[in-house]
Amino acid sequence: MKEFQSKEVEFIGQVEELESKEEEFKGRVKELESKTNQFEGRWKALVLKESKFKVKVKDLKLQEKQFEG
């Protein structure tokens, strides 16, 4: 009976350790999701800046043609 109780205590300890690691893992996942969202936001901002830049370049080329013509 004592051996069973000892194994039960050991098992409970292992379960508690796994639960603790699971919480740590969930925290890391949330951190990575947050970083992913930040990256996606920055990426969208860069894409927007790129498209605005392309419009400006086209506008400048058009102005250049009008100036030359």
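Heads up: numbering here begins at 1 and tracks the sequence.
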Peer 1: So, E33 and N37: side-chain donor and acceptor under 3.5 Å apart, yes or no?
Peer 2: no
Peer 1: Please set out all donor-acceptor pairs under 3.5 angstrom arising from side-chain atoms of residues 10-25, sequence neighbours excluded.
Peer 2:
{"unit_1": "E17", "atom_1": "OE2", "unit_2": "K21", "atom_2": "NZ", "d": "3.4"}
{"unit_1": "E24", "atom_1": "OE2", "unit_2": "R28", "atom_2": "NH2", "d": "2.7"}

Peer 1: What distance separates L60 CG from E64 CD, expressed to the nearest 0.5 Å?
Peer 2: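 Atom-to-atom, L60:CG and E64:CD are 8.5 Å apart.
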Peer 1: Does the pair K44/E40 count as a salt bridge with the N-to-O cut at 4.0 Å?
Peer 2: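 Judged by the 4.0 Å cut-off on N to carboxylate O distance, K44 and E40 do not form a salt bridge.
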Peer 1: Would you say Q38 has more than 12 foreign heavy atoms packed within less than 6.0 Å of its CD?
Peer 2: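 Result for CD/Q38: enclosed.
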Peer 1: Atom CD of E31 and atom NZ of K35: how far apart are they, to the nearest 0.5 Å?
Peer 2: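 Spacing of CD (E31) from NZ (K35) equals 4.5 Å.
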Peer 1: Rounded to the nearest 0.5 Å, what separation is found between the CH2 atom of W43 and the CG atom of L48?
Peer 2: 13.0 Å
Peer 1: Let me know which of K7, E8, K2 forms a side chain to side chain contact (heavy atoms under 4.5 Å, CB included) with F4.
Peer 2: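 Of the listed options, the one satisfying the test is E8.
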